[in-house]
Structures are given as C-alpha cells and as structure tokens.
Chemist: 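Take a look at this one; I'll ask things after.
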Amino acid sequence: MQKTLLIILDGLGDRPIGAFNGKTPLEAASTPNMDKLAAGGACGVMNAMPKNLYPTSEEAHLAVLGYDFVKDYPGRGVLEALGIGLKLKSDELAFRVDFGTVDKDLKLIDARAGVIESVKELCKTIGDVEIDGIKFKIYPSLLYRGVLILSGNSVKNYLKRSKSAVSDTDPHKAGPHKLGVRVLHPKAFGDSKEGKTVARALERYQYLTYEILNEHKINKKRVKKGKLPANFILTRGGGHIKNIESFKDKFGLKSACIAGAPLYKGIGAYLGMKVINVRGATGKLDTNVKAKIKAVQKSLKKNDFVFLHIKGTDMAAEDFGDPKMKKEFIERIDKEFSPLLKLKNVVISVTGDHATPCELKDHSNDVVPVLISREKSKDDVIKFGESECSKGSLGHIYGKDFMKILLGN
Ligand code: ZN
C-alpha cells in the first residue's frame, strides 16, 4: 500500500531578498533533494487559512491536516499541555503560560524573563494551589514556558455553558508595544457566576504566585547577577479539549507525528497520532535533523501517514529576521533528506504552514510553496521555490483542500 510523508517546514514562505538577487531564502538555497522531489511530482502554492486571517501555526496546521481550524480548535493551552505529555479531561481548563518579568505595578518588563533557561524549580516550589474550590496545577515546558491546568466544579460548569475559555492576561496582542503595559485582568466570557469565580480565582492565583516568585532564591540570585526575575505567570490560549474525529477515523490512516517543539507534538496527540519522541529534536535551529529523518524511516514501516515538523525555518525568520540563517538552515535540512529519495511506495509532500518573511519577523499571508512527489500529476517545475511552484499543476490551493489533493481523492 502507498504511504504518505508530510513534511511541514514552519514559516517556509518568504519574500524576495535584495542580497539574494531578488530570490527568497528557499530559492537562493541549494536544495538538490527537494528539487528532485519537485521535478518528479506536482507543485503549487498554498494559503493554509483564508487570506483575511492572521495565520497562527496551530490553526494553519489544523487546516492543512484536514480539520476545521475554528470548530476543531481547542485553544493553544490544550495543545501545549498535550505536547508535554499531559492527559487532559474535558472539564479541565488549560492555559499556555510564559514566566515573565513585571514591575511592582505589574507592568510588563519582559514577557520571557530574559529567556530564563528553565522554570522547573519555580513550578515545583509553587506546587498545587487551591483557591475558591478551584485547583491549579502548573507544569514546566521549554525555557520560560509552562502549562497551567484549572479544575473543579466552577470550571466544569463554566466550560459546560461557555464556548470560549478565559481571556489572555499576557498583553501579547499589543504587539511590540506590550512592554510597559500592565498585565491584563482575566475575563470570563458571558455572564455566568461560575465564569466570574474562575476569572477571579485565576487573578488571585497570579497575585499569590507573584509573591512566591519574587521571594524565590532563583529569582533573588538572578536579580543579584543583573538578570530579570521570572516573577509573573502570564496566561494565554485558554481552552479545553474537544471531542473531535481522530485522524484514523477521518482518513482511515494509521499515523505518527515527529516534532521537536511541544506545540506540534500536541497537535499530533490531539488528532490521535502516535507521537514519537526523538532525541536531539529540539524544535529549534540546533535540532538533530538526521535523527528525525531516521525516526521517519522507522515510523513509515508501522504507519500509513507520517507528519514531520521542522521549526527552524520559522525561528530564523521570526526570532532573528535573518535570511542567510534561514537559507543555510534550509540547505542543512535538504542534505539530510537524501535517504527519503530512496523510499519506495511513499508519496512525499513538502510545504509550510504559513510564510514568515524575514523582513516582517512575523507570519504573513504570502503563499507557501507545495510539492507532492506523485508522478501522475507531474508538471514542469524542477526547482522547489515560491515563484517556480506558482507555475505548477496544483495551482493556488487552500489548506482545507490540501489533504484531499495529497491523498489523491
Ligand atoms: Zn508556523
């Protein structure tokens, strides 16, 4: 039986760069392996989501994987929680949290506490907390990130009645101007008594943990060394798990997910994919691509569909705005792709979830190139890149149609 490998290079799409003679980082990169896949198959360009919406990675992934990014989206907190291996019940409320730094007026100094290396000890000290009958459990994730889970009767009753969770307290929507803004008050949606109880308890939890964190020896040490203390738990992406059709039920395919960053593992887990943990898969620019490709080869033996996620392309553009770094990262991964060209009876697709132009250091609605290594719909594209792929036989497609095209029905 024919198997499928979907490779999503996060934030792959970009814009012409002057220093690259008007080529994008992908076009400027030497990518013999992806070029061979493109030359042997069909190409096109894609917007994962409708062009009038900002493409977040999580919603764009759901769309590309054949899900309704509105109806099926459980909130970022849920995906992060699943991504670090937590099991969630439908009556629990999950937030993605960032340990940030605030001043005494709770105005934001840094949303990442100077990119603190770990919040494991801080989470341990905070431990489990109960306020107004609501239980709070906090778990560390990568660097300054964590997950906060709320449970109890008020949470349960609130989630039963309300479609949404509780609003973000991280003022991230204020964009680059968020520094100096006071952290936001959590607000429940709707007018229910339970909602108000949940929001009030969450705010009390934040004040309580602010006191604990300020007095913590790790933070005292950081301040002494001139570093920023991780003294405030900023919440965002609140949500609860939804009962969705599994990938297996939807497509009849046994599937696996190979990713480094927790969010993408969480997406795989949410869809019921087998999440493979790969040593050295960091979800960053230093990720061990070779180990991930080995895991792909192994997983294809046991599964019909493998989803491989690589984050570095997005990081080079969003965190560093560096086209050269993006180009070199693309070249590094392309080199590791050579074993994939020898796979028999595997259709390979390479694409992105959205564009992340280096000049914007942000996601955009520019198209991403798509290749599907299936011979029967072959076109004349011989180089994998934005302009070349726009002349391919797949044309301009949207995420909602992608899986149908990929699976050939
Ligand atoms: Zn992304």
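Counting starts at 1 for both ligands and their atoms, following the listed order. Hydrogens, waters and symmetry mates play no part in the numbers below; they use all other heavy atoms, side chains included.
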Chemist: Let me check your reading of the structure: within less than 2.8 Å of the Zn ion (ligand 1), is there an N/O/S atom from T56?
Modeler: no
Chemist: Taking backbone and side chain together, does H354 place any N/O/S atom at a distance below 2.8 Å from the Zn ion (ligand 1)?
Modeler: yes
Chemist: Less than 6.0 Å separating the ring centroids of F247 and F251?
Modeler: yes
Chemist: To make sure I understand the geometry: which N, O or S atom in D10 is closest to the Zn ion (ligand 1)?
Modeler: OD1
Chemist: Need the atom name: nearest N/O/S atom of D353 to the Zn ion (ligand 1).
Modeler: OD2
Chemist: Using a 6.0 Å distance limit plus a 45 degree cone around the ring axis, check whether K196 lies over the aromatic ring of Y158.
Modeler: no
Chemist: Which salt bridge (Lys or Arg N to Asp or Glu O under 4.0 Å) pairs, counting each pair once, include a residue from residues 2-21, with sequence neighbours left out?
Modeler: D10-K311, D14-K326, R15-E359, R15-D366
Chemist: Please determine whether a side-chain nitrogen of the Lys or Arg among E80 and R76 lies less than 4.0 Å from a carboxylate oxygen of the Asp or Glu.
Modeler: yes
